[in-house]
Structure formats: C-alpha cells, structure tokens
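Written out below as structure tokens is the structure these notes cover.
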Protein chains: 2
Amino acid sequence: MSEKDLDTAGKIKEAASQLFIEKGFGRTTTRDIATEAGVNLALVNYYFRSKDELFSTIMTETVQGFIWQLRVLLNDDKTFEEKVELVVSNYIDLLKTRPDLPIFMLSEIRNHPEEMAAKLGIDKLMHEIKFFQELAQRCPEGVHPIHLFMNLLSMTVFPFIGKPVISAATGMNDEAFMMMMEQRRTLIPQWFMSMLKPQE
Amino acid sequence: MSEKDLDTAGKIKEAASQLFIEKGFGRTTTRDIATEAGVNLALVNYYFRSKDELFSTIMTETVQGFIWQLRVLLNDDKTFEEKVELVVSNYIDLLKTRPDLPIFMLSEIRNHPEEMAAKLGIDKLMHEIKFFQELAQRCPEGVHPIHLFMNLLSMTVFPFIGKPVISAATGMNDEAFMMMMEQRRTLIPQWFMSMLKPQE
DNA sequence: TATATTATTAAACATTTGTTTAAATCAAAT
DNA sequence: ATTTGATTTAAACAAATGTTTAATAATATA
C-alpha cells in the first residue's frame with residue numbers, strides 16, 4: 001500500500017504502530033512487526049534499540065500529533081461555538097477511522113506511565129490555548145472549566161471506547177453505531193452549549 | 001488480608017483478578033498469580049485449565065456482577081431523578097476504589113471479544129429495565145434514549161479512564177482529582193436532567 | 001485401619017519472544 | 001577497482017512463560 005515509498009525504519013514504524021494499536025503492546029511480537037513490515041527480524045533491533053524504545057518512539061509521536069492537531073484546531077479565528085463543533089467533528093472523524101486509538105493510548109499510558117507526561121509537554125496546554133480562556137469566562141459560577149472540557153471529550157470519545165459493550169447491550173450493528181455518531185456530531189455541541197447556560 | 005478464609009481456588013481467583021485489573025492480561029504471568037495467591041504454580045492449571053480459562057471465568061463474573069448491580073439499582077422504587085443520582089454516585093464510589101476497572105474491562109473485552117457479548121446476556125438489558133423506558137419517555141423528540149444513557153456513563157466513567165492525561169494536562173494531583181469527582185456527583189445529574197429538557 | 005480420591009509440590013518440557021552475533025550484501029567514496 | 005561503512009540476513013542465544021508430569025501429602029470413604 002503506502003509501504004513503497006518508506007525506508008526500512010519507516011516501514012517498521014508503520015507496521016508497529018498499526019499492530020500496537022490493534023493488539024496492544026503485550027500481544028504484539030517483534031516477529032509480527034518484522035513480518036508485517038516485510039523486513040528481517042533483526043532490523044527491528046537494528047533501527048530501534050529494543051521493542052520498548054520502538055514503542056516509546058511511536059507513542060511519543062502519536063501523542064504529540066494529537067496535541068499539535070488540538071493546538072491548531074483551537075487557535076484559529078473561529079467563534080467559540082464553531083471551535084466546539086470543530087473539536088467534536090474532528091475527533092469523530094478520527095475515531096471513525098481509528099476506533100482502537102483511545103483504548104490503546106489510555107491503556108498503554110497506564111502501562112508506561114514513565115514515558116508520558118513529562119515527555120509530552122501537555123502540562124502547559126491548558127494555559128496556552130485561547131479556547132480554554134474563553135471557556136473559563138463562559139463557565140457558570142462555581143463550575144471549573146475542566147469539568148466542561150471533560151464532558152466534551154467524554155461525550156465524544158467514550159462511545160467509541162465503550163462500543164463493544166454498547167453494541168452488545170443495544171443490539172446495534174456497525175452501521176447503526178456510525179449513524180448514531182453522526183447524530184452526535186450536532187447533538188454534542190448543543191448539549192455542551194446548554195451546560196454553559198446558568199442552571200435554573 | 002482476606003486470603004485466610006478462602007480455599008485455594010478462591011485465593012487464585014482473587015489474586016488473578018487483582019493482577020489482571022492492575023497490569024492487564026498480557027503482563028500478568030501465571031507465576032505472578034501463584035506467588036500473589038501464596039500457592040504452588042501448578043495449582044493454577046489444576047483448578048482452572050489454563051490462564052485463558054481463568055481469565056474468562058473472572059471476566060464473566062466481574063461483568064455479571066456489574067449487570068446485576070445495575071439491575072437492582074435501576075429497578076427499585078426511587079424516582080427517576082433519584083435513580084440518575086444513584087447510578088452516578090454508585091459508579092463514582094466504585095471507581096474511586098478501583099480506578100483501573102474500566103480500562104481493564106474495555107481493553108480486555110476488545111482482546112477477547114469472543115468471550116463476551118453472548119455470554120453476558122446484556123443484549124436484553126435495555127428492554128427489561130424500567131429506567132430505560134422512563135428515559136425513553138422523557139427524551140426530546142428525535143433523540144434516541146441511548147444517546148442520553150451514553151452521556152450519563154461517559155461523563156461519569158471517562159474522567160477515570162482519562163485521568164493520567166487529564167492530570168498531566170492540568171497539573172492536578174490525586175486529591176484535587178478526587179475533589180473534582182465529588183463535585184461531579186451532583187453536577188452530572190444536573191447536566192443530565194437539563195439534556196432532557198427540549199432544546200430551545 | 002486400609003483404600004481411594006483429592007490436593008499439593010518440585011521439576012521439567014516445549015514454545016515463544018526479545019535480542020544478539022557474525023557473516024553476507026550493497027552503496028558510496030577514494 | 002578497492003575500500004570503507006551501512007544495511008540486511010540467517011542463525012542462534014537466553015530468558016520468560018504456559019503447561020504438564022510424576023511423585024508426595026492430605027483427606028475422605030469403606
């Protein structure tokens with residue numbers, strides 16, 4: 001597919017990324033990776049010192065990609081409401097194509113806590129981005145803006161995480177699930193904006 | 001601790017459950033389990049045929065416990081609003097003591113899809129429980145009740161799942177996070193009820 | 001008590017898996 | 001063309017891990 005124009009290290013990274021996301025770190029073997037990349041086994045350790053370091057590299061790049069994307073998304077010249085819609089729509093688009101991403105990231109962050117946090121530089125994210133300041137101003141009295149941002153992410157991301165359970169509990173098939181997520185594309189921003197209005 | 005009054009199979013199950021939840025299936029070894037249970041290695045395979053079967057047993061019991069709990073919680077003689085508060089409060093209590101539970105369940109459900117769904121009997125859950133019927137009646141026109149139930153679960157469970165990221169992004173410590181979740185105990189029901197009012 | 005069943009143990013087995021080694025191949029520079 | 005260095009390969013190593021075995025101890029049964 002898109003393997004052709006990548007060098008060996010790139011092939012390995014792409015194959016490893018796909019496998020890590022699909023099966024998790026523990027269930028992905030170096031031989032899987034080499035085979036999927038169409039490359040000799042020893043090259044995995046030749047280009048990346050170890051399986052752990054390969055994982056760390058991929059994880060860092062993935063998360064940094066996320067943050068970078070969020071940064072540009074929230075700092076352009078749209079209105080507040082448009083930014084809300086953008087965040088929701090953007091993550092729904094992403095997760096429709098890569099539904100395993102959140103579980104992978106969250107569970108592997110738990111398994112490799114040392115790799116994260118510090119290396120990410122997300123600790124200052126809240127302060128740099130204008131969106132959060134706008135959000136803080138619009139928050140009802142006594143409600144910390146982080147609550148609202150949590151809600152926005154929750155309502156968007158969680159359905160993808162819980163999809164297996166939700167599908168089983170409701171009898172939805174994949175198509176029905178996707179239609180539901182399309183509805184949420186407009187519903188979530190409405191719910192979110194209504195949370196900003198003072199509770200009566 | 002509570003090991004004393006358990007038979008060997010019980011010790012193994014308790015140790016395995018703790019380790020599976022804490023480290024996931026892949027990173028938990030049968031030797032870990034035997035050691036933690038204070039029991040000979042071979043007994044793991046003696047009482048449960050294999051590591052997979054041990055996992056399957058624990059997983060099934062855990063999920064069935066969840067469903068059973070949800071069932072009794074939602075079918076008593078409380079008002080609708082009280083039930084909403086009960087669900088939120090109940091899961092917050094649970095997740096405060098076992099924050100790894102959702103990631104474990106959701107990621108392992110993904111890794112052992114065959115074990116789940118059919119065995120769980122959650123497919124009929126939506127239809128049996130009165131709460132969902134009440135919810136359906138209160139839903140605004142054109143909004144499927146599953147959306148609202150998703151939101152309720154999302155806003156309650158997701159913060160625990162995303163805690164590492166959220167903490168890193170905001171600089172919260174554990175205490176601050178717990179205080180935030182205490183606030184959500186009352187906030188989430190308010191947000192939820194406001195979603196049921198027709199959008200203007 | 002004698003016997004049969006169950007439970008436990010130490011040891012070994014077989015496979016998997018991350019990693020390394022040493023030789024072979026290729027590419028570029030002198 | 002030769003040399004130098006990077007890249008690739010097949011093979012092997014060493015450790016970890018799920019599982020089994022065969023012997024021993026404990027418990028119930030007759």
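The structure displayed is predicted, hence computed values, not measured ones. Only this structure's heavy atoms are used, side chains among them; waters, hydrogens and symmetry mates stay out. Chain identifiers are assigned alphabetically (A, B, ...) following the order of the sequence lines, protein sequences preceding nucleic acid strands; residue numbering begins at 1 within each chain.
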(request) Map every base of DNA chain C to its dot-bracket character, where paired means a Watson-Crick or G-U wobble contact with both distances under 3.5 Å and | marks a partner outside the strand. (result) ||||||||||||||||||||||||||||||
(message) Are there over 12 heavy-atom neighbours, none belonging to B:Met178, within less than 6.0 Å of that residue's CE?
(response) yes
(message) Parallel, tilted or perpendicular: which one describes the rings of B:Phe55 and B:Phe25, with boundaries at 30° and 60°?
(response) perpendicular
(request) Calculate the interatomic distance between B:Leu43 atom CG and C:dT6 atom C1'; express it in whole Å. (result) 12 Å
(request) Answer yes or no: is there an ion pair linking A:Lys11 with A:Glu14, defined by an N-O contact shorter than 4.0 Å? (result) no
(request) Flag the pair B:Lys13 and B:Asp7 as a salt bridge only when some basic side-chain nitrogen lies within less than 4.0 angstrom of an acidic carboxylate oxygen. (result) no
(request) May I have the distance from B:Phe48 (atom CZ) to C:dT8 (atom P), rounded to whole angstrom? (result) 12 Å
(message) Can you list everything that forms a salt bridge (Lys or Arg N to Asp or Glu O under 4.0 Å) with B:Lys51? Sequence neighbours excluded, please.
(response) none
N/O contacts under 3.5 Å, protein versus nucleotides 19-26 of chain D?
residue: D:dT19; atom: OP2; partner: B:Asn45; partner atom: OD1; Å: 3.3
residue: D:dT19; atom: OP2; partner: B:Lys51; partner atom: N; Å: 2.8

(message) Taking 4.0 Å as the cut-off, does a side-chain nitrogen or oxygen of B:Asn40 come that near to OP1 or OP2 on C:dA7?
(response) no
(message) Under 4.0 Å from OP1 or OP2 of D:dT8: is there any side-chain N or O of A:Thr8 that close?
(response) yes
(message) Please tell me if A:Tyr47 has a side-chain N or O lying less than 4.0 Å from either OP1 or OP2 of D:dT8.
(response) yes
(message) Closer than 3.5 angstrom, by distance alone: can the side chain of B:Thr97 be matched with the main-chain N or O of B:Leu94 as a donor-acceptor pair?
(response) yes
Quick test: give all pairs of protein nitrogen or oxygen and nucleotides 25-29 of chain C nitrogen or oxygen below 3.5 Å, distance rounded to 0.1 Å.
none

(request) Say whether B:Thr79 and B:Glu82, considering side chains only, have a donor N or O and an acceptor N or O under 3.5 Å apart. (result) yes
(message) Just to verify, what does B:Phe131 make a ring-ring contact (aromatic ring centres under 6.0 Å, His included) with, not counting sequence neighbours?
(response) B:Phe80
(message) If the threshold is 4.0 Å, N to carboxylate O, is there a salt bridge linking B:Lys83 and B:Glu134?
(response) yes
(request) Using atom NZ of A:Lys11 as one end and atom C1' of D:dT8 as the other, report the distance to the nearest whole Å. (result) 11 Å
(message) Can you confirm if the aromatic rings of A:Phe149 and A:Phe192 lie within a centre distance of less than 6.0 Å?
(response) no
(request) Name all residues meeting the ring-ring contact (aromatic ring centres under 6.0 Å, His included) criterion together with A:Tyr47; count only those two or more places apart in sequence or in a different chain, and write none if there are none. (result) none
